[in-house]
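Here the structure is laid out as structure tokens; the discussion comes afterwards.
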Amino acid sequence: MPYVKIELTREGVTREQKQQLIKGVTDLITDVLNKDPQLTHVVIQEVNLDDWGFAGEQVSVLREKGITADKK
């Protein structure tokens with residue numbers, strides 16, 4: 001029974017986007033590992049910007065500086 005956990009910063013990911021992630025990951029696990037999609041679990045956990053950091057800074061501070069993970 002595959003279990004996949006996706007952690008994202010809490011920045012307005014829509015219900016539809018989450019559904020796309022769940023479907024896409026489930027399909028990938030099914031295609032690559034030949035696992036039953038009915039037994040594949042995908043969990044999305046959103047984390048507050050103050051509770052996530054990298055490069056020594058909170059993501060909230062990085063966002064204030066205009067630093068994002070968006071494709072340019």
Side-chain angles (χ1 to χ4, degrees):
M1 161 178 31
Y3 169 87
V4 178
K5 181 177 180 183
I6 301 171
E7 292 185 281
L8 303 167
T9 52
R10 185 168 283 136
E11 295 184 88
V13 177
T14 67
R15 182 178 187 180
E16 291 77 19
Q17 289 171 318
K18 290 176 185 178
Q19 177 56 41
Q20 289 178 358
L21 285 171
I22 292 167
K23 172 109 174 67
V25 168
T26 300
D27 290 347
L28 182 66
I29 295 292
T30 299
D31 293 345
V32 173
L33 299 179
N34 196 35
K35 297 296 183 181
D36 184 347
Q38 298 299 316
L39 299 176
T40 299
H41 300 260
V42 179
V43 175
I44 298 174
Q45 181 176 5
E46 293 182 299
V47 179
N48 288 323
L49 299 181
D50 287 342
D51 298 333
W52 193 308
F54 65 95
E57 294 278 0
Q58 288 173 294
V59 172
S60 56
V61 173
L62 295 170
R63 294 298 183 267
E64 290 169 1
K65 294 179 180 179
I67 300 169
T68 71
D70 295 336
K71 286 197 295 188
K72 307 251 182 218

Sorted by chain and number, sequence neighbours left out, side-chain contact (heavy atoms from CB on, under 4.5 Å) with D50 holds for Q58, S60
Exercise for review: State, with a plain yes or no, whether a side-chain heavy atom of L28 is found less than 4.5 Å away from one of V4.
Suggested key: no
By side-chain contact (heavy atoms from CB on, under 4.5 Å), L33 pairs with (sequence neighbours left out) I29, K35
Hey, quick one: are V25 and L8 part of the same hydrophobic cluster, counting side-chain heavy atoms closer than 4.5 Å, chains of contacts allowed?
yes
Identify each donor-acceptor pair in which a side-chain atom of residues 62-71 lies under 3.5 Å from a protein atom, sequence neighbours left out, and give them as a table.
unit_1	atom_1	unit_2	atom_2	d
R63	NE	E11	OE1	2.9
R63	NH1	I67	O	2.9
R63	NH2	E11	OE2	3.1
K65	NZ	E57	OE2	3.4
T68	OG1	D70	N	3.3

For T26 and I22 the tightest heavy-atom approach is OG1-O, 2.7 Å
Notebook entry, point to check: Do V13 and V42 belong to the same hydrophobic cluster, where Ile, Leu, Val, Met, Phe, Trp and Tyr are linked whenever their side-chain heavy atoms lie under 4.5 Å apart, directly or via other members?
Noted result: yes
The side-chain contact (heavy atoms from CB on, under 4.5 Å) partners of Q20 (sequence neighbours excluded) come to none
Using a 6.0 Å cut-off, check whether atom CG of D31 has over 12 heavy atoms from anything other than its own residue.
yes
### Message
Starting from I6, can I reach V32 by hopping between I/L/V/M/F/W/Y residues whose side chains sit under 4.5 Å apart?
### Response
yes
inquiry  = Could you see if V61 belongs to whatever hydrophobic cluster contains V59? Use Ile, Leu, Val, Met, Phe, Trp, Tyr and a side-chain cutoff under 4.5 Å.
reply    = no
Residues V43 and Y3: closest non-hydrogen pair is CG2-CE1, 3.5 Å
Residues passing the side chain to side chain donor-acceptor pair (under 3.5 Å) test with K18, sequence neighbours excluded, are E46
So CD of E7 and CG of D51: to nearest 0.5 Å the spacing works out to 11.0 Å
Side chain to side chain donor-acceptor pair (under 3.5 Å) filter on Q45, not counting sequence neighbours, yields K5
